Amino acid sequence: MGTTAEYNATAGKVVIDEHQGHPGIKATTLDYGQINDEMLAMLDKPRPSYYLLLLGFLMALGLGALSLAIQVDVGIGYSGISHPIAWGFYITNFVFWIGIGHAGTLISAVFYLTRAPWRTAIYRSAEAMTVFAVMTAGLFPLLHTGRPWLAYWLIPYPNERMLWVNFKSPLVWDVFAVTTYMSVSIMFFMLGLIPDMAILRDEAIRKGKKLKALIYAPMALAWRGTNHQWIHYMRGYLIFAALATPLVFSVHSIVSWDFAMSSVPGWHTTIFAPYFVAGAIFSGLSMVMTVLIPMRAVFGLQDYITNHVIQSVSKMIIFTSMIVGYAYASEFFIGYYSGSPFERAIFYYRPFGEMESWTLLGENQINFPQIAFWLMVFCNVIAPIPLWRWKIRNNALAVWIITIFVNIGMWFERFNIVGSSLQHEYDPAAWGEYWPTVVEVGITVGSFGFFFTLFTLFAKSLPPMAIMELKEATNPPMRNAAKGH
Amino acid sequence: MSKFTGVWAIFEYLDETTETIEQVRKEGVQPTVISPCPRHEIDHALGEPTTIVPWIALAFGALGCFIGYSLPAWTASDWVLPVSGKPIVAIPPFTIIGFELTILFAAIHTLAGLALLGIIDSFRFPIPKGAKDYPRFQRDRFGVVVRCEESKLEEFENLMKKNGAEEVHVEK
Amino acid sequence: MLGKKVINLKQYFLVGLFVSAFFLALNTTTAYAEEQPIAFSHKLHTVQNGIACQYCHLYARRSFSSGVPPVSTCIGCHGPKEQKLVQPDSKEVNKMRTFWSDKEPIPWVKIHDVPDFVRFPHKEHINADSNRLLDDAGAGCDTKNAPRSLECKLAQFRTGGDQRCLACHGDVRQMEVITQVDENFGKMGWCMECHLQVKGAKERKRTGSTIAGWYHAKEMDKKREAAIGLVNEKGYHNPNMLDCYTCHY
Amino acid sequence: MKKGLSRRNLFKYVGAGSATAVVAGCENKPEKLIPMLVPPTDYEYTPQTAYQYMTTCRECDAACGMMVTTREHRAQKAEGNPNHPLNQGALCAKGQASLQTLYNPSRHAYPLADGKKIPWQEGLQQFSALTQTAAGAIAYLGKPAVGSEGDFLDEWLQAAGGGKRVDFELLSQNSQVEANQIAFNRADVPEYAFEKAGLILNFSADFLETWGNPVENARRFADMHAYQKGNKNKFVHISPHVSLTGAKADRWVVINPGTEGLVALAIAAVIQQENGSHTFLKAYLESYSPENVAEETGVSAEAIRGLAKEALEHGPLLAIGGGNVSATKQSVETLVAVNILNAVSGALDKTLRFYNQTAVKKSTHQDLLELISDLDAGKIKLLIIDDSNPVYALPPSMGFAEAIKKTFVVSLASQKSETTHEANLVLPALTAYESWGDAFPRSGVKSIQQPVMSAVNTFDAKAREDILINTVQSIDKTAFSGNSNYLDFLQDKWSKIQRELGDTRSFENFWISILENGGIYEKPKFARTALSRKVTAVKVSSPELVGQEGLTLLPTTSLLLGDGSGANKPWLQEVPNPMSQIVWDSWVEINPDTAQKLGINDRAIIEVKTPHGSVQATAYYHFGIHRDAIAIPMGQGHQHSGEVADGFGINVMQLLPGEFDNAGNLSFVGVQAELKLINEKSYTVNTDGNARQLGREIAAATTVEELAHPENHGSAHKRPTEFYPDRSETAGYYKPYRWGMTIDLDRCNGCSACVVACYAENNIPVVGKIRTAIGREMSWIRMERYIEGYGDDFETRFSPMLCQQCGNAGCETVCPVYATYHNPEGLNAMIYNRCVGTRYCSNNCAYKVRRFNWFNYEFPAPLDQQLNSTITTREVGVMEKCTFCVQRIKTAKYDAKDLSRDLEDGEVLTACQQTCPTKAITFGNLMDPESKVAKSALRETADKRDRQYEVLAELNYKPAITYLKKVNTREVLGHNSENHDSHQNSENHG
């Protein structure tokens with residue numbers, strides 16, 4: 001929480017350290033009212049450009065919905081998934097979006113516990129992104145099944161068939177992990193919103209907007225801001241942060257076990273859990289930057305989302321990029337060191353394609369997985385290198401471009417894992433190729449549309465920054481300035 | 001809810017609020033403070049109040065953990081369908097379910113608990129309607145609500161005024 | 001408006017009532033019947049005329065399918081129009097005669113239908129040895145109040161003969177119109193509730209499960225194996241009814 | 001696919017939207033119960049119960065005995081007649097697919113006059129009138145008679161006023177008959193006793209595919225060639241081309257196209273020198289000494305002497321010749337040479353035995369030429385053609401298609417074809433499943449063909465012979481001595497047979513016993529034979545096909561499509577050719593060395609041009625072809641044979657000149673082709689992911705030498721120590737059954753009959769070319785083909801891959817809903833209706849044998865009538881796989897229960913095992929130590945112990961299928977070999 005204003009018990013008064021401004025908020029001199037009004041102004045009637053943007057995202061979403069409708073009607077066969085590549089774009093998207101969904105909880109929970117002060121300005125948006133990304137991700141396991149209308153069978157509930165689910169299946173773990181993560185993220189998000197909802201409610205009442213008040217009032221959960229409520233609230237928030245922290249690390253570990261628990265060469269590795277978590281944080285933080293840097297420019301939030309924030313996130317990106325890069329290298333080393341011909345074959349195949357001696361006469365073909373692999377290496381390991389320089393980190397545009405690369409790279413990393421291993425499994429006679437179809441690309445585009453539509457709606461309907469925490473971070477109003485300053 | 005008898009005041013400044021709180025407490029009355037954001041200064045002034053929310057989380061976390069292990073174990077043994085030569089009741093995979101349900105149960109009940117406690121406390125420590133409807137408490141004003149007997153109303157009113165309250169309301 | 005009580009217990013009660021009524025309404029599917037091409041009365045034929053089930057459904061003991069009687073079976077008694085045999089002037093019987101003379105089969109509507117992925121052998125049920133039921137299965141049947149209770153179905157099954165047909169199909173002998181009495185007819189749980197009343201079935205269902213889980217408790221499994229009763233007195237292995245492949249393949 | 005919001009679709013949307021609606025209401029529309037009007041009374045009929053009828057397979061003239069399973073009066077499965085001496089219960093892929101002859105949607109459904117539908121009455125009248133006017137100028141062109149139909153047709157032609165009968169069979173054995181006539185004075189095809197031979201020298205005959213009776217050949221060959229008691233007899237393939245048959249050979253001797261005869265004589269010369277038999281040949285053979293022929297044949301003298309030495313050491317020898325690849329203009333001479341080799345080596349009357357019978361004379365292809373000239377001259381007024389398809393099969397340069405335009409053509413065919421397309425009047429005939437007939441494929445075997453069901457209801461057809469009888473009787477009432485149908489005629493014939501046999505039963509009883517057994521099977525009687533001295537007059541010379549411009553074109557027969565008659569059967573198109581793994585297409589087999597010299601890549605589209613025509617097809621790299629030759633399989637390139645056949649591949653016959661050998665048989669080899677690259681990429685679909693197994697031991701092999709030293713590899717079979725106890729220790733598990741299988745790769749020859757049988761038994765949908773291209777084929781068992789080695793020294797291995805029913809399966813644990821689990825009988829149960837379709841099981845299956853229903857596949861009517869009604873046909877979004885034919889296990893168990901006993905060994909046969917011609921597959925209960933499968937899987941028989949292996953055993957999936965390694969007589973360089981580059985210089989040793 002890194003407050004600069006501390007209550008000094010011996011002095012019996014609030015002492016403000018004037019030499020150290022709040023790292024997240026430039027203008028610690030803003031008063032409560034100013035913060036309140038500036039934040040609420042962001043929720044004003046949007047400009048036409050906003051609607052244009054929203055329309056664009058809605059169109060992408062519509063494309064996805066159309067593709068999905070076709071697929072459900074005709075059968076999963078409309079996708080390019082086939083034998084032996086039974087998982088393709090959909091599971092890639094699932095893992096990718098779950099990964100994106102890691103940043104929010106990381107920022108709001110882990111950085112809350114570690115008292116990283118720069119989280120204040122961005123955590124609300126990041127959390128919203130988490131919720132939306134996990135919602136997006138949650139769609140994919142459903143729509144990739146052959147009979148999505150029976151997907152509820154994956155939920156353990158007493159039924160007349162007397163049948164239960166197989167709790168030894170990593171997919172059931174997924175069901176539990178993802179639903180828990182989604183529930184906790186949504187609750188955490190709603191929890192953080194409670195005081196802000198009270199602000200919005202009172203604002204709506206003041207302006208006489210009954211409908212808005214009706215919507216905001218239940219979300220405020222009868223919030224008054226009394227000291228009793230605050231004490232439960234702050235303690236509850238801390239517990240939530242403590243609960244969500246292991247979740248951040250567990251969810252992607254469990255998702256990684258979808259792969260690691262199988263016997264597929266290239267999947268069956270112990271490194272997967274940390275590798276996936278690091279990748280998730282990597283991609284999640286990049287997505288946060290990809291989204292917030294334009295938002296900062298549009299809403300003029302330089303006072304709140306300072307360059308310091310961008311720098312801090314950039315450092316995290318470099319750090320996780322190195323972990324991910326290490327994991328790539330480690331995979332290859334273990335693949336070689338295991339001595340298993342299957343492992344060696346797949347790790348040769350990923351970067352270079354068919355080994356000459358595999359084929360009848362030594363033809364070498366470059367396929368989708370090789371493209372995916374080199375894109376992944378470039379975007380995830382090489383592209384973030386410029387961030388080592390302070391000047392680049394301090395340049396919002398440069399960071400934005402790099403994070404876009406990272407997003408692309410992380411998508412292809414997921415594909416690299418899901419797609420390439422299945423192409424070259426144990427039985428060479430059953431090797432196959434995979435190329436996506438229009439339907440899959442449509443649904444993928446639709447998932448981005450879904451995510452960004454939700455986020456765009458969020459930006460105008462809920463305060464994209466935690467007003468309460470901003471107030472907490474700024475200097476409190478003091479009658480006797482001399483006492484403090 | 002019994003009728004509210006007491007004094008409530010609106011403050012602009014934090015230091016004046018904490019000053020007031022401390023003085024009210026010296027009078028033997030625990031005031032209810034309304035603030036736009038949590039401040040440690042207020043907690044200190046109020047004497048570090050505590051909450052049972054962590055205990056709720058612990059209790060329900062333990063329940064979730066129990067269910068997380070026992071549900072898979074029971075369902076697996078209810079109709080034995082061996083898969084891949086694995087034990088019917090296999091502890092390692094069930095640990096994941098146990099973990100997830102621990103978190104889920106703890107989280108749900110923490111949220112429910114803190115919301116419920118907040119509502120219960122609003123009955124235990126009622127605030128007058130005027131204070132409830134005053135919109136700037138959520139924005140930029142602090143409020144101090146003192147519930148007292150009629151005899152003490154005037155005393156507290158003066159105390160607040162003295163400490164620089166913007167407005168002081170007396171409810172009978 | 002904020003001061004208003006939002007929580008109104010009465011409202012909640014009413015909403016709750018409505019929701020539960022809605023779901024109850026959804027769930028109370030009554031006996032299922034469809035309009036048949038001919039108003040054939042099972043009651044008339046079985047009770048009044050005393051015809052046994054397998055007189056018409058003649059493949060029940062020999063095949064997976066019980067067999068819908070061919071039109072020639074009807075004609076066997078009723079005869080073509082000219083012959084003026086049984087019920088020469090009945091409107092409904094004449095419908096059948098028209099089908100016969102037109103050489104058209106009768107498009108009966110299937111009421112008792114199990115899904116296509118279930119392989120239900122009539123013959124195995126008709127020929128099943130009722131001694132394989134648990135000794136107390138069917139005891140305590142209360143015919144008056146709960147004629148379709150599990151106990152009564154088991155009692156009917158134990159009785160054998162035509163009663164055995166009624167165990168699943170309901171009291172067809174009292175039906176003017178063929179009706180599916182059990183709303184869950186053909187659903188898995190409905191089948192299982194009887195199958196679990198077979199000796200050793202419950203033990204087999206829980207075979208191999210151990211509390212410890214980590215290891216198979218061999219001693220415990222040996223006891224269970226004895227309880228399952230793998231081999232019957234005729235010297236061959238009892239069919240396993242708890243295997244999914246029993247019905248689904 | 002159905003369009004619009006059908007009920008099922010609605011259900012899907014509703015189901016996705018709200019689960020409650022699905023649970024609470026939303027009942028399906030009620031099904032209709034349609035009873036029979038009158039139940040069949042002539043025999044006891046029970047619905048949903050299998051009835052078996054014995055009949056005869058008429059897909060080729062090998063005429064195997066067939067046992068057809070019918071349910072509800074619909075033929076649902078074809079199996080070999082276990083009593084039949086030729087095939088002994090097995091059937092080939094074509095025989096299995098004969099069901100699709102019956103239910104083929106492109107059968108003629110009604111009579112056609114000039115392509116327009118007419119009523120039967122009119123068609124028959126027209127035919128009668130024509131017959132009457134054309135009396136004396138009638139020609140009947142049909143398949144060669146194997147049974148009584150020959151006599152019938154002769155009688156019919158006589159009754160109709162005279163005419164001639166011409167046989168048409170593209171792949172005929174006439175040259176062989178002629179060669180036998182020259183060499184042994186016997187115009188007959190002898191019995192080849194493979195199992196008695198110690199060495200087989202095969203001169204280009206594809207005896208495992210289309211030559212002779214491939215089912216019988218395969219069995220007898222496997223008996224001879226399979227590893228037994230530390231010994232393995234050799235098989236040397238001497239040919240310019242390696243077909244499926246050649247792939248089974250221990251060694252391939254590359255010879256120049258058309259020089260089989262020279263090699264045979266050179267070997268004979270050496271043998272004659274050594275054993276001194278047939279001294280009258282001495283001078284004759286000297287001119288064919290190895291040194292003399294070495295250059296022309298491309299085989300070194302040492303190699304020939306080596307072969308001769310082997311023949312002397314390992315005899316008795318069996319030399320086989322014939323087939324397309326050696327069918328030059330001199331094919332009769334070539335076959336005489338092979339006969340000389342057999343005689344000189346003493347094979348005669350040992351491995352090569354002539355029946356004591358006089359064979360029926362069949363007309364030759366040259367008679368066709370006469371017919372064509374008659375047609376051209378207008379001498380034929382009415383041409384009747386049966387199901388044969390000469391318009392497609394004959395080289396266009398013969399002018400058959402033009403010639404038949406000059407006459408009136410009546411087609412009595414069941415299937416649509418190019419010929420029926422040209423016919424003026426089509427009177428649809430019934431198939432062999434629906435009509436009477438018989439076949440006498442060899443001495444002592446008399447096989448009956450009975451209708452196993454009434455005619456398929458969607459086709460309005462009549463039996464061919466009945467049409468003919470009807471026609472001729474409308475002219476002459478006394479024809480056929482008043483027999484009103486072919487059955488009467490047949491019964492007359494068979495009562496004669498009864499008299500000949502001296503059977504004293506009433507004919508009624510005799511006839512019933514015939515129908516029950518499927519015919520009469522007597523031991524064949526053989527006649528001693530000797531080599532005729534006239535053979536010295538036969539001059540064998542090289543056709544000089546090598547060294548000219550262009551590459552010699554070798555039209556090869558296709559194992560699945562035959563001469564093209566199989567092309568309209570979806571199963572045969574869908575099942576990959578075992579050698580190339582290509583489906584729904586034609587290809588040009590070309591040696592990689594030649595191709596690279598010409599700049600042609602694998603799978604490039606090339607134009608093949610001969611003086612007689614040109615086609616475009618895909619190049620397929622094949623080590624097993626002479627460097628100056630290309631091979632194109634027959635059977636594709638149809639235009640008017642129905643949806644399944646039309647437009648796929650090319651017809652190689654269009655490239656041939658229509659020349660003949662001395663026997664009047666078409667000479668297939670002799671034309672040179674020019675190649676031109678058209679396109680780098682082609683849309684040719686093959687089902688194998690990779691041709692190399694990378695040393696992964698999926699199709700493993702060992703050598704005889706290795707097996708002689710069991711101490712070297714005994715330890716490899718030890719099972720690893722388990723962390724968990726075996727599932728058999730769980731209560732109720734594996735008692736009394738644990739189903740298991742062994743597959744002997746030394747017996748398996750890759751014929752793919754098992755694959756088709758599985759399609760037929762298990763309602764597996766056919767997905768077509770485009771879907772196969774992206775891996776959507778549904779076969780539960782696939783014939784994996786792996787290539788080892790390079791250049792001429794390559795080896796092809798086959799391994800049927802099906803669900804291994806693992807004890808510790810990878811698929812089970814990952815299924816979230818228990819849709820697949822380990823069943824108490826050791827089966828890896830797949831419960832379709834529980835499947836949600838996450839496909840995780842498929843990912844985690846190391847054997848990749850799970851198939852997913854990507855769509856709701858259609859079985860276009862009336863193919864749906866073939867669907868096995870004892871199992872579920874799967875819907876979209878459901879995983880499926882081999883179940884070890886659980887429906888057969890269940891049925892057998894119910895039957896055993898009625899007899900109050902447990903199942904006995906051999907009572908349950910899986911469809912693949914049942915049809916395997918070589919009996920490579922054993923299935924049964926592993927818990928019964930006396931069962932066959934336990935004996936071959938449980939490491940007891942020393943013969944098998946050292947060959948047993950589990951595929952990918954290191955994963956410890958504990959498969960229930962044990963494979964027995966193929967046994968080689970030599971080492972083949974694997975992919976890991978350092979000599980990998982040797983293929984570049986392989987030309988030197990070629």
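Computed from a prediction, not measured in an experiment: that's the story for all the values here. Sequence lines set the chain letters: A, B, ... in the order given, protein chains first and strands last, and positions in each chain run from 1. Just the heavy atoms: all of them, side chains too, but no hydrogens, waters or symmetry mates, feed the values below.
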Checklist entry - Between the main-chain N or O of D:Val814 and the side-chain N or O of A:Ser169, is there a donor-acceptor pair closer than 3.5 Å? => result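 Side chain of A:Ser169 to backbone of D:Val814: a pair is present.
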Checklist entry - Does A:His83 use its side chain to pair, donor to acceptor, with the backbone of D:Arg850 at less than 3.5 Å? => result yes
Next on the checklist: Can you confirm whether D:Lys848 sits close enough to A:Trp431 that some side-chain heavy atom of one is under 4.5 Å from a side-chain heavy atom of the other?
Outcome noted: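 No - every pair of side-chain heavy atoms lies 4.5 Å or more apart.
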Item to check | Close side-chain approach of D:Val817 to A:Asn166, heavy-atom, < 4.5 Å | outcome: no
Of all of [options], which one pairs up most often with chain A through heavy atoms under 4.5 Å apart?
options: D:Thr687, D:Ile774, D:Ile698, D:Asn844; result: D:Asn844
options: D:Leu955, D:Asp688, D:Asn853, D:Val878; result: D:Leu955
options: D:Tyr847, D:Tyr818, D:Phe852; result: D:Tyr818
options: D:Cys835, D:Ala819, D:Ser842; result: D:Cys835

Minimal non-hydrogen separation, [X] against [Y], with atom names:
X: A:Arg147; Y: D:Tyr832; result: NH2-O, 3.4 Å
X: D:Cys845; Y: A:Glu425; result: O-OE1, 3.8 Å
X: A:His144; Y: D:Arg839; result: O-NH1, 2.8 Å
X: D:Val836; Y: A:Ala151; result: CG1-CA, 4.0 Å

Item to check | OG on A:Ser263 to CG on D:Asn843, rounded to 0.5 Å | outcome: 9.5 Å
Checklist entry - Rounded to the nearest 0.5 Å, what separation is found between the CG atom of A:Leu150 and the CG atom of D:Asn833? => result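 Going from the CG atom of A:Leu150 to the CG atom of D:Asn833 covers 10.0 Å.
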Next on the checklist: Can you tell me which of A:Pro170, A:Ser421, A:Pro265 forms the most heavy-atom pairs within a distance under 4.5 Å of chain D?
Outcome noted: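 Result: the option with the highest number of such pairs is A:Pro170.
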Checklist entry - Which residue out of A:Leu422, A:Val172, A:Asn159 racks up the most heavy-atom pairs below 4.5 Å with chain D? => result A:Leu422
Checklist entry - Would a line drawn from the ring center of D:Tyr840 to the ring center of A:Trp87 be shorter than 6.0 Å? => result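 Here the rings of A:Trp87 and D:Tyr840 have centres that are less than 6.0 Å from each other.
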